[in-house]
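Before any comments, here is the structure.
When a ligand or atom number is given, it counts from 1 through the structure's own listing order. Every value quoted in this text rests on a predicted model; they were computed, and no experiment measured them.
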Amino acid sequence: MNRISVMKPWLGTAESDAVAEVIASGWVAQGPKTSEFEKAFAEHQNVDHAVAVSSCTTALQLALIVAGVRAGDDVVVPSFSFIATANAPTYLGARPVFADVEELTGNVTAQTVAAVLSEKTTAIIAVDQGGMPLDLGPLRTLCDERGIALVEDAACAAGSMYRGAPVGGTADVSAWSFHPRKLLTTGEGGMLTTNNEQWANRARRLREHAMDVSAAERHGSTLAPQESYGEVGYNFRMTDLQAAVGLVQLGKLDAMVQRRRELAGRYREAFKGIAGLRCARDPEHGTSNFQSFWVEVMPDFPMGREQLLEKLAADEISARRGIMAAHQQPAYAGHSGQVSSLPVTERLTANTLILPLYHELAEHELDRVMASVRNAGGE
Ligand SMILES: *Cc1c(COP(=O)(O)O)cnc(C)c1O
């Protein structure tokens, strides 16, 4: 029996051909393909500016810098997220302050954020966890009232929708990941998007050592212009090799979302009679790309989360524990940013698990996962 993996990127010869073309062109670092990918991504996400970077983590760091976050500030983040969300403010000397999440989506809400705001809060990072869209309207209102920046960690959420529009556009600045654990992949890679032209231009410079003339521009002119460095920048560039893959992947994104939503629907249908199993589902305000399909193992399920993981493993099915809680990790143990209890975060992180879901998941594999879970649930 083949082991079923929890995820697998959807890659093919179109991607390898695109990389071969970039190699043949002789320009492999950040250049024309990266610009092309940025334009295509901005158009797909319906935002004015997209700046390609090396990862979502670096995109988050730049997002906070362009939003004006400084050392000593407070930045509200969910603890219930991949640890990069909390790390981004920490890199700047700002303090991540943990907000709890709602149980339906696993996302922060205007209420959970408002509960932990301080005089020092200058930004919040709200996450579309596992692709579940945030309820951005109330968060937008809260941030406008308080004059604080709304940064969206949309790492997992390319293809997720909020009230009929792509997520990401309601925030002041958004960050995306192209790690293979997400839908659209470039191996490693990320994107910063914003409708603020000044912020986009600053991010563009900062990702390239804060040089005022990009390497591509310098290379394109015979008489090389003299560059200058207005502030301390970074090397957060994406390569044209990655961007070429990204362009092909972007063309497949809508099909990926459609397939994932279909598979998530099949799981939900198969599990609806099982007592004690709560499945991820769309909130009223939007649709998920189901980057992760999680289930919560409730007290009336015949076994606990760890036992269910063991049962799936015995059936040669890879599942994963649900989203981590940053405040429970050694890196943030005893951290002053835990200003309130986080009961929903702690419940979800202890009791959820992620089931296999990817574009090329075969029918017989889907059947095996469904049978294993149903069997564990006493059906
Ligand atoms: C994956 C992920 C990140 C980090 O993305 P990288 O591209 O690997 O840096 C950040 N935030 C969330 C919510 C993620 O899921």
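- Qualifying ring pair (Phe, Tyr, Trp, His ring centres under 6.0 Å) partners for Trp199, counting only residues two or more places apart in sequence or in other chains: none.
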Can you pull every nitrogen or oxygen pair between ligand 1 and the protein closer than 3.5 angstrom?
from, atom 1, to, atom 2, distance (Å)
ligand 1, 5 (O), Ser177, OG, 3.4
ligand 1, 7 (O), Cys56, N, 2.9
ligand 1, 7 (O), Ser177, OG, 2.7
ligand 1, 9 (O), Cys56, N, 3.4
ligand 1, 9 (O), Thr57, N, 2.9
ligand 1, 9 (O), Thr57, OG1, 2.5
ligand 1, 11 (N), Asp153, OD1, 3.3
ligand 1, 11 (N), Asp153, OD2, 2.7
ligand 1, 15 (O), Lys182, NZ, 2.7

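- Using a 4.5 Å heavy-atom cutoff, the side chains of Gln249 and Leu11 are in contact.
- Remark: Glu360 CD is packed, more than 12 non-hydrogen atoms of other residues, nucleotides or ligands lying under 6.0 Å away.
- Salt-bridge annotation for Glu306 and Arg321: present, with a side-chain N of the basic residue lying under 4.0 Å from a carboxylate O of the acidic one.
- Here the straight-line distance linking atom OH of Tyr234 with atom CD1 of Ile65 works out to 3.5 Å at 0.5 Å rounding.
- Two residues are said to be in side-chain contact when any heavy atoms from C-beta on lie closer than 4.5 Å; Tyr267 and Pro356 meet this criterion.
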